[in-house]
Visitor: 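One structure follows; several queries about it will come next.
Lettering follows sequence order; numbering is per chain, from 1.
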Amino acid sequence: MLDKRYDHNQTEQEIYQLWLDLGVFSPERQIALLEKHGIKPKNKTFSVLMPPPNANAPLHMGHATYTIQDLMTRYKRMQGFKTVYVPGTDHAGFETQVVYERLLKKQQKSRFDFDRKTLFEDILAFVKENSGVAIQQLKRLGMSADWSRLTFMLDKQVIKTVYDTFKKLHEDGLVYRDFYLVNYSPHHGTTFSNLETEHIEKTTCLYFVNYKVKNSEEVITVATVRPETIFADTAIAVNPQDKRYKKLVDKTVINPLTGKEMPVIADDAVDMEFGTGALKITPGHDFTDYEIGKKHNLEIISIINLEGKLQGTGTEVDGLRVKQAREKTVEILKEKGALARINENYVHNLLVDYKDKLPIEPMLLPNWFVRVDGMAQQTIRAVEENKVKFNKPVWKKEMLRWLKDIRDWPISRQIVFGIRIPVWYNVEETKNVFVTFLDNQGNSHELLLENALTEGFTIEEIREGLQKLIAPTNAKYVIAEELPGDSYLPETDTFDTWFSSGQWPLTTLKYPDGEDFKEFFPTSFMDTMWDILFFWIARMLMFSLYLTEQVPFRQVYIHGMVTDEHGQKMSKSKGNVINPMDFIEKYGADALRMGILVGGNTAAREFSLSEDKVRGYRNFANKIWNMARFILGMVEQSDKSIPNFNEAVREKCTAEDTKILEELAILITDVNNSFKRLRFTDAGNAIYHFMWHRLADEYIEHVKNREDKDVALSVLTYCYNTCLKLLHPFMPFVTEKIWENMPKEKSIPLIIAPWPK
RNA sequence: GGGUCUAUAGCUCAGCUGGUUAGAGCGCUGCAUUCACAUUGCAGAGGCCUCUGGUUCGAAUCCAGAUAGACCCACCA
């Protein structure tokens, strides 16, 4: 009846369709089906939220770890919990816009050719066009998610919740607007949070520049990698302990480029050991200098604009990009004889964005911030009190460390594809806002609103073609979802993606009034990788505690990164990237799932996945397939009167039978204990070993020689069917397919068959 | 600079609160094919458990140090 070899491709499609037809992923339907089969469900729920993959990108191997979530979901579902696995997709604002802009570039266009609204609609259409892929692939992995509950990050109800949260934060005085030195990427045209930046080592020139002391022959030499920012210098700082410079403190020096007088100040932040021990202070373009500048009340000068070009120096460097400006500035310094020397092999840590590793300019820009210390305190308490559990102590520690050191959260992003910050500026009251817009003819303008109005543009025309708006920090505004009146222009910044995804448990379950929220919140199990522990897990905890005073999930499972067979991170440049779909094609989703769940320890920081491993588990699928063939063949031969395993059969058992039954009982206990301890590898390994090396290699061989085949076959079928149940959460497809064909008492689908106790 | 983790077979890793002869998968070697399965079976080789000390009747396991590697956070111009 069954083919000699197990054909995963055909079976997996067929079985997934079977589950969809049953509707069993829906918790309501699950309960109805259980009752139909006369099984009493547990009076408890189990809920898991899927970390939303990017809607417009295909899955990568990291997503194969979603099988951890599906494993728990299936395990609990079989135990009779009312179970829901809620899927969703993310708009991934910044990432998606980057991808889309690359497409535009190929068409010789750029985002500056479109007004906000058009650009947003175009990107959304692009995402929608591609958004089926990720979901199709999740289905191929076997995710038993309730697709009727699918949430997209830009769904109406999500935006509604995000806006409500923003309003509440504002009412509670936790939102503020401030000029602040932020991580600005001239390349991407947006601000980043500290979490979105990193440092890379780079060899550059370290320039030693002389600053003359006023009314004296003396000079102070300063070491810098950024001579172009000398135009914005407002002081020289030395360490108060530094004897070399003691007599120069409070003296005045002359800026070699601008000729401006600036003070020499003393500050502990200066490292005597570094360079010359004297530090030039540029509060407008450096984070340390900004702090020092504020402390000493220094003027803050900004000479780099949003395109990364210099402006306002009154010299030939104006209009040059930072790199060229630096070369030009060095020339000028040389001409003026202010350049002492250059160290050309200086290695320093350059601040870059996480995406393209391009330089970040610290820029003084008005930004929206969320005051987070209160929420952080609340979260620290919840974590310390173990309201939320982590699978390893290290993650709890990491979480607390980050929360205790948290800074206010800049939530503005200057990208279009996201949820717009629902703020409107009354431009009759505040006219000194800076606007970039396309007029009726599609020509671009970049100027002060006042001037635009004088030039004859109407507010409406500007609003329609608006690309970017920068309002001063004291601008009057109202919070509203829709245009509040004719004299208003919208804030053009969008929320940081993590501002909306941080509310994922609330938005997917339809906080505050939805049925799902009442029934399934707090959720039971949250699985993700450690790279977004702060980005996402921390933010979800903070938002949920702030809004509901409850943690959003009771158990956090942090899994490691999937690496190649040598423990190397998969990356395009290394050429070792494996597409999960290739493995599914070749070896089946069941085999890939086993490769992830059992082939390595998912809780380790990294775990390797090799083709050999997955092939091995494909072989295992075939092995259990053939065990079924053997059993079915025997049943057919033996005049079809194999008794179900019961007390009568048990009385006739031989020593071998009793032994295998005892071992099965131990297996069940072990597997349940392993699940309790979230040690999936142990559970899977135990089942694998028992089925292959005990049941197949030994017991089946024994059965072949038995006189009382009825008894032996009854025991064998019982053991085998029990193993199918245990294995189902790991290898759902092949087990369900075999289950359909096995002799058994009840014809309940394996996916909801009662879990062995 | 602050913090964390790892080191066990050729490879990838288990080995949990110390306790017989240190385990698995893959790979390797030899043998077996009208048998449910060659996507198989049987047999086998292969380990100073990184090093040095310490605690202990007993250490892969606990402690200290060394060496090597990985990561997180912060960042010095």
Side-chain angles (χ1 to χ4, degrees), chain A residues 1-8 194-195 197-199 204 206-209 222-227 229 233 236-237 239 269-282 285-289 292 346-351 392-395 397-398 401-402 404-405 407 530-531 533-534 560-561 563-569 586-588 591 594-595 598-601 604-634 673-674 677 679 681-682 684-686 688-689 692-693 696-698 700-701 703-704:
Chain A
M1 174 160 42
L2 300 180
D3 288 342
K4 203 168 170 183
R5 278 192 189 177
Y6 170 59
D7 178 355
H8 58 262
N194 282 343
L195 282 171
T197 62
E198 48 191 83
H199 292 263
T204 54
L206 181 63
Y207 302 91
F208 291 79
V209 181
V222 163
T224 179
V225 293
R226 303 207 53 187
T229 63
D233 280 0
I236 298 286
N239 193 295
V270 181
D271 182 356
M272 292 195 281
E273 307 293 319
F274 186 87
T276 62
L279 174 64
K280 78 186 198 65
I281 302 299
T282 321
H285 295 288
D286 184 277
F287 291 103
T288 316
D289 296 4
I292 296 176
Y346 178 65
V347 180
H348 98 299
N349 292 331
L350 184 68
L351 185 64
K392 290 174 97 181
V394 62
W395 303 125
K397 266 165 70 180
E398 284 277 290
R401 180 176 61 75
W402 188 74
K404 284 173 181 170
D405 197 33
R407 300 231 183 142
W530 40 257
D531 61 339
L533 186 66
F534 308 140
M561 183 169 53
T563 63
D564 73 2
E565 70 263 40
H566 299 296
Q568 294 293 308
K569 189 175 174 175
K586 237 169 140 179
Y587 304 114
M594 282 294 274
V598 184
N601 179 4
R605 195 167 262 279
E606 286 163 3
F607 60 98
S608 72
L609 182 77
S610 63
E611 181 150 6
D612 281 347
K613 243 180 223 175
V614 178
R615 192 193 304 117
Y617 291 116
R618 187 273 315 260
N619 294 354
F620 178 55
N622 192 59
K623 185 76 192 178
I624 63 173
W625 180 259
N626 273 288
M627 290 167 77
R629 286 185 69 217
F630 173 81
I631 295 171
L632 291 171
M634 295 292 276
N673 283 337
S674 295
R677 300 171 64 198
R679 295 182 70 110
T681 309
D682 291 358
N685 257 328
Y688 176 97
H689 189 264
W692 198 323
H693 300 297
D697 289 348
E698 293 172 12
I700 282 186
E701 291 308 312
V703 169
K704 285 177 184 170

Visitor: Can you tell me if the side-chain N/O atoms of A:K613 get under 4.0 Å from OP1 or OP2 in B:C26?
Guide: no
Visitor: Within the structure shown, what part of the strands sits under 4.0 Å from A:W395 by heavy-atom distance: base, sugar-phosphate, or nothing?
Guide: nothing
Visitor: Between B:C76, B:G41, B:A36, which nucleotide has the shortest distance from any of its atoms to the side chain of A:F274?
Guide: B:C76
Visitor: It should be established whether A:N622 places a side-chain nitrogen or oxygen under 4.0 Å from OP1 or OP2 of nucleotide B:U40.
Guide: no
Visitor: Among A:I624, A:N622, A:N619, find the one that has a side-chain contact (heavy atoms from CB on, under 4.5 Å) with A:Y6.
Guide: A:N622
Visitor: With a cut-off of less than 4.0 Å, is there a side-chain N or O of A:H693 near OP1 or OP2 of B:G25?
Guide: yes
Visitor: I need the CH2-P distance between A:W692 and B:A24, as an integer number of Å.
Guide: 15 Å
Visitor: Touch check for A:S610, heavy atoms < 4.0 angstrom, all strands: base, sugar-phosphate only, or nothing?
Guide: nothing
Visitor: C1' atom, B:A22 versus B:A59: distance in rounded Å?
Guide: 13 Å
Visitor: Can a side chain N or O of A:T282 be found less than 4.0 Å away from OP1 or OP2 on B:A77?
Guide: no
Visitor: Tabulate atom names and distances for all N/O pairs under 3.5 angstrom spanning the protein and nucleotides 15-17 of chain B.
Guide:
residue: B:G15; atom: OP1; partner: A:R679; partner atom: NH2; Å: 2.5
residue: B:C16; atom: O2; partner: A:R677; partner atom: NH1; Å: 2.8
residue: B:C16; atom: O2; partner: A:R677; partner atom: NH2; Å: 2.2

Visitor: For B:U67 versus B:G53, give the span between their C1' atoms, rounded off to a whole number of Å.
Guide: 15 Å
Visitor: What integer number of Å spans the C1' atoms of B:A77 and B:U6?
Guide: 35 Å
Visitor: If I take atom CD1 in residue A:I292 and atom P in nucleotide B:C76, what distance separates them, rounded to the nearest angstrom?
Guide: 10 Å
Visitor: Look at the side-chain N and O atoms of A:Y346 and state whether any lies under 4.0 Å from the OP1 or OP2 oxygen of B:A77.
Guide: yes
Visitor: What contact category does A:V598 fall into here, base, sugar-phosphate, or nothing, at under 4.0 angstrom with non-hydrogen atoms?
Guide: nothing
Visitor: Where does the angle between the aromatic ring planes of A:Y688 and A:W692 fall among parallel (under 30°), tilted (30 to 60°) and perpendicular (over 60°)?
Guide: tilted
Visitor: Taking only N/O atoms, report every protein-nucleotides 69-74 of chain B pair under 3.5 Å with atom names and distance.
Guide:
residue: B:C71; atom: O2'; partner: A:R605; partner atom: NH1; Å: 2.8
residue: B:C72; atom: O2'; partner: A:E398; partner atom: OE1; Å: 3.4
residue: B:C72; atom: O2'; partner: A:R401; partner atom: NH2; Å: 3.2

Visitor: Mind checking A:A696 for me? I need base, sugar-phosphate or nothing, with any heavy atom below 4.0 Å counting as a touch.
Guide: base
Visitor: With a 6.0 Å cut-off on ring centres, are A:Y617 and A:Y587 close enough?
Guide: no
Visitor: At under 4.0 Å between heavy atoms, what does A:I700 touch on the DNA or RNA strands: base, sugar-phosphate, or nothing?
Guide: base
Visitor: Tell me whether A:K613 is salt-bridged to A:E565, with the criterion being a basic N under 4.0 Å from an acidic carboxylate O.
Guide: no
Visitor: From C-beta outward on A:D271, which listed nucleotide comes closest to its side chain: B:U4, B:G41, B:C76?
Guide: B:C76
Visitor: Say we look at B:C11 and B:G27: how far apart would their P atoms be, to the nearest angstrom?
Guide: 16 Å
Visitor: Could you tell me whether A:H348 contacts a base, only the sugar-phosphate backbone, or nothing, with contacts defined as non-hydrogen atoms closer than 4.0 Å?
Guide: sugar-phosphate
Visitor: Roughly, in whole Å, what's the span from CH2 in A:W625 to P in B:U40?
Guide: 16 Å
Visitor: For A:A628 and A:E198, find the nucleotide of RNA chain B closest to each by heavy atoms; which residue's nucleotide sits nearer the 5' end?
Guide: A:A628
Visitor: Look at the aromatic rings of A:W395 and A:W530 and report parallel, tilted or perpendicular, splitting at 30° and 60°.
Guide: parallel
Visitor: Can you tell me, in whole Å, how much space there is between the P of B:G10 and that of B:U4?
Guide: 32 Å
Visitor: More 5' along RNA chain B: A:G275 or A:N626, using each one's nearest nucleotide?
Guide: A:N626
Visitor: Represent RNA chain B in dot-bracket notation, 5' to 3'. Only Watson-Crick or G-U wobble pairs with both distances under 3.5 Å count; pseudoknot-style crossings use [ ] and interstrand partners use |.
Guide: (((((((..((((.....[...)))).(((((.......))))).....(((((..]....))))))))))))....
Visitor: Reckon A:R5 has a side-chain N or O less than 4.0 Å from the OP1 or OP2 of B:U39?
Guide: yes
Visitor: Give me the distance, rounded to whole Å, that separates B:C37 from B:A24 when you measure between the P atoms they each carry.
Guide: 27 Å
Visitor: Reckon A:K4 touches a base, only the sugar-phosphate, or nothing at all at heavy-atom distances under 4.0 Å?
Guide: sugar-phosphate
Visitor: Between atom NZ in A:K623 and atom P in B:U39, what is the gap in whole Å?
Guide: 12 Å
Visitor: Calculate the interatomic distance between A:D697 atom CG and B:U39 atom P; express it in whole Å.
Guide: 16 Å
Visitor: When you measure from the centre of the six-membered ring of A:W625, is the NZ or CZ of A:R5 closer than 6.0 Å and no more than 45° off the axis?
Guide: no
Visitor: When all nucleic acid strands are considered with a 4.0 Å heavy-atom cut-off, which category describes A:T288: base, sugar-phosphate, or nothing?
Guide: sugar-phosphate
